[in-house]
Engineer: 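Below are the structure tokens for one structure; questions will follow.
When a ligand or atom number is given, it counts from 1 through the structure's own listing order. One is the number of the first residue; the rest follow in order along the sequence. Values in this document were obtained by computation on a predicted structure and should not be read as measured data.
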Amino acid sequence: MRRPVVAGNWKMNLLQSEAEDLVKQLIDQKELTRNVDIVLAPPFTALAIVRKLVHGSGIQLAGQNIYFESNGAWTGEISAAMLRDSGCKYVILGHSERRSYFHEDDVLINKKIKAALNDELHVIFCVGETLEQREQNETREIVESQLKFGLEGLATSDLEKLIIAYEPVWAIGTGKNATPEQAQEVHHFIRAFLETTFGKSTAESIRIQYGGSVNQGNSKSLMAQKDIDGALVGSASLNAESFIGIINSTA
Ligand code: 13P
């Protein structure tokens, strides 16, 4: 049985005082982490305050990016060890906003994944096709190649520290989520790829989140799908009521 995991990717939102307000409302809900793993990915500037607030609550922290080098002259970058040092268990890698706006390719993402695992960080690895690719019937091909290159060189045991997030690019921030059937189809495909590459028990134990316009209204039917093990939530994670609603519908 895979334990569901709901993560809030705050992206470039929330000042420290706003983060504090939001997290206080979340930790007021005492039973929130009973049946679901909860991960918050604040901007780097809010990690310290959020870390302090979630202490003892069971809520875990994620960073939104790392560089693959461990230290040195890389102005503006953050290492895996720095995220660990800031209290993070996870890092989000391969997000489509990093792929498109910051030109991160599969080779770079693979280096970052290896650097994260090497420093004991768990990884939320995002994959997903654009609208154009879906319309050209290329969804499987694109997702397969992102998985293949992103996970290249990883050992089966590394997969224990991995969560895959299927985030169709056309569903991110658009209010247009994939239908439960569309999402389930790709999640099933991802699990089948993992089975072929890493074996049945790894494929059965790995958690695959759906991300892209998840909200309180659509989360229950998405989470009810056999191969959907949680959500990677963007804008709806910035509001306590809607994020709690999504968590409860997942549990
Ligand atoms: P939205 O939930 O705002 O569509 O964002 C999804 C996402 O990109 C999470 O990483």
Engineer: Say whether G234, considering both its backbone and side-chain N or O atoms, lies within less than 3.5 Å of an N or O atom on ligand 1.
Structural biologist: yes
Engineer: Measuring from the heavy atoms of A236, does anything fall under 4.0 Å of ligand 1?
Structural biologist: no
Engineer: Identify the closest protein heavy atom to atom 3 (O) of ligand 1: which residue and atom is it, and at what distance?
Structural biologist: S235 N, 2.9 Å
Engineer: Does S96 have a non-hydrogen atom less than 4.0 Å from ligand 1?
Structural biologist: no
Engineer: Below 3.5 Å, N or O to N or O, backbone or side chain included: is there any such pair between E97 and ligand 1?
Structural biologist: no
Engineer: Tell me yes or no: between the side chains of E129 and W170, is some donor less than 3.5 Å from an acceptor?
Structural biologist: yes
Engineer: Can you tell if the side chain of D229 reaches within under 4.5 Å of the side chain of Y210, non-hydrogen atoms only?
Structural biologist: no
Engineer: Does one hydrophobic cluster hold both I206 and I228, with members joined at side-chain heavy-atom distances below 4.5 Å?
Structural biologist: yes
Engineer: With heavy atoms of A171 as the reference, note each atom of ligand 1 found under 4.0 Å away.
Structural biologist: 4 (O)
Engineer: Picking from R99, K111, K148, what satisfies salt bridge (charged side-chain N to carboxylate O under 4.0 Å, His left out) with D106?
Structural biologist: R99
Engineer: Using the salt bridge (charged side-chain N to carboxylate O under 4.0 Å, His left out) criterion, which residues pair with E141? Sequence neighbours excluded.
Structural biologist: none
Engineer: Counting each atom of ligand 1 from 1 as listed, which ones have a heavy atom of E167 under 4.0 Å away?
Structural biologist: 6 (C), 7 (C), 8 (O), 9 (C), 10 (O)
Engineer: When the ring planes of W74 and Y67 are compared, do they come out parallel, tilted or perpendicular, using 30° and 60° as the limits?
Structural biologist: tilted
Engineer: What atoms of ligand 1 come closer than 4.0 angstrom to any heavy atom of L232?
Structural biologist: 9 (C), 10 (O)
Engineer: Tell me: protein heavy atom nearest atom 5 (O) of ligand 1, and distance?
Structural biologist: K11 NZ, 3.2 Å
Engineer: Relative to ligand 1, is N9 under 4.0 angstrom through side chain, backbone, both or neither, heavy atoms considered?
Structural biologist: side chain
Engineer: Please verify whether a non-hydrogen atom of G173 lies at under 4.0 Å from ligand 1.
Structural biologist: yes
Engineer: Ignoring hydrogens, what is the shortest heavy-atom contact between V50 and P42? Give both atom names and the distance.
Structural biologist: CG2-CG, 4.0 Å
Engineer: Here's one to test your reading of the geometry: is the NZ or CZ of K112 within 45 degrees of the ring axis of F68 and under 6.0 Å from its centre?
Structural biologist: no
Engineer: Does T174, backbone or side chain, put an N or O under 3.5 Å from an N or O of ligand 1?
Structural biologist: no
